[in-house]
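The basis for the numbers below is simple: all heavy atoms, side chains too, and nothing from hydrogens, waters or symmetry mates. In each ligand, atom 1 is the first atom listed, and ligand 1 is the first ligand listed.
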Amino acid sequence: MIIGGPASQLLAGRVAGILDDDLALCEYSQFPDGEAYTQVLDDPGDDAVIVQSTPSDRDIICLLQLLDIFRGKRVDLVVPYFGYARQDKQFKPGEPLSARAMATAVDAFLEKGSRVFTVNIHDRSVLSHFEHETRDLDATPLLAGEIKKLGLKDLVIVSPDEGALKMAQVAASRLGADYDYLKKTRLSGDKVEMAPKKIDAAGRDVVVLDDMIATGGTMAQAISILKEQGARRVYLASVHPVLTGSAVLKLCRAGVEAIIATDTLEKAVSTVSVAGLVAEAIGRR
Ligand code: R5P
């Protein structure tokens, strides 16, 4: 039985289709005071696959409710977008490691033999906070496949910082393209210059690749820099299209050609599905 949480209904449906498994009917609504109401309407059976991204606090509550429904049973838990994963360090005194808090809360519900799957979690170190088996799946090759369909010329894959350089390298090797990252150089106390570390983007098609686009600030800055340097067309590719607030407007104003993203979060730009990747991982025991 595949259980699709409120944030991952389409992806759960796709995974169920690939695995030829039943997709449970669930109800997600709220009590009059605003608290979340969750109900699995089909007989849950002895084990289940739960698919639920956690882009919001409400989604985290719904995930914990689903886990409680399956308490005492073996669960394969898929959290395609793992919220709070960026708070994996204490940046200021008195701050929590929210990623650890999330992992600890989820882990407490899991029975022996349960497994946890994430997709391009912001930092794999977060998975060390789980007692149960974990696996982070890499959607970069799927994004590379979609980039290939664009038929871009003289392509360079650029990550907006050194953190996503590995993703750029993986995509570039699949596409036979060059890759680079935007290096930040501090010129003075308040002046930072960003430029491709090695490659001259002038006259070339560029795909900026990152794990997520949240406010769009990082990507908008990357587009502007690459355009200033004479890049021909600039595309964005990202696993998780968080796209908060006016992120899409920012990216369009910066002159993005198109945005490619996966269905770890279900948005209009989520044209690449990770369902096959998830289904394969679940099926392999
Ligand atoms: C940061 O390390 C991440 O990989 C992303 O670059 C970042 O979270 C994007 O955030 P925003 O879209 O708000 O600039």
> Is the closest heavy atom of Met212 to ligand 1 under 4.0 Å?
Replying inline: yes
> Among all residues two or more places apart in sequence or in another chain, which pass the side chain to side chain donor-acceptor pair (under 3.5 Å) test with Asp180?
Replying inline: none
> Are any of the heavy atoms in Ala164 under 4.0 Å away from ligand 1?
Replying inline: no
>> Tell me whether Tyr28 shares a hydrophobic cluster with Val79, the cluster being built from Ile, Leu, Val, Met, Phe, Trp, Tyr side chains joined at under 4.5 Å.
In response: yes
> Any nitrogen or oxygen of Gly216, main chain or side chain, under 3.5 Å from a nitrogen or oxygen of ligand 1?
Replying inline: yes
>> If hydrophobic clusters are built by linking Ile, Leu, Val, Met, Phe, Trp and Tyr wherever their side-chain heavy atoms come under 4.5 Å apart, do Met1 and Ile69 end up in the same one?
In response: yes
>> Using the side chain to side chain donor-acceptor pair (under 3.5 Å) criterion, which residues pair with Asp21? Sequence neighbours excluded.
In response: none
> Is Val208 reachable from Leu251 through a run of I, L, V, M, F, W or Y residues, each pair having side-chain heavy atoms under 4.5 Å apart?
Replying inline: yes
> Does Glu266 reach the main-chain N or O of Leu11 with its side chain, forming a donor-acceptor pair under 3.5 Å?
Replying inline: yes
> Among all protein non-hydrogen atoms, which one is nearest to atom 13 (O) of ligand 1, and what is the separation to 0.1 Å?
Replying inline: Thr215 OG1, 2.6 Å
> Does even one non-hydrogen atom of Arg86 get within less than 4.0 Å of ligand 1?
Replying inline: yes
>> Counting non-hydrogen protein atoms only, what is the nearest one to atom 2 (O) of ligand 1? Give residue, atom name and distance.
In response: His122 CE1, 3.1 Å
> Should you measure from each heavy atom of Gly217, which atoms of ligand 1 turn up under 4.0 Å away?
Replying inline: 12 (O), 14 (O)
> If hydrogens are left out, which of Asp210, Asp211, Thr218 has an atom nearest to atom 6 (O) of ligand 1, that is, the closest non-hydrogen atom?
Replying inline: Asp210
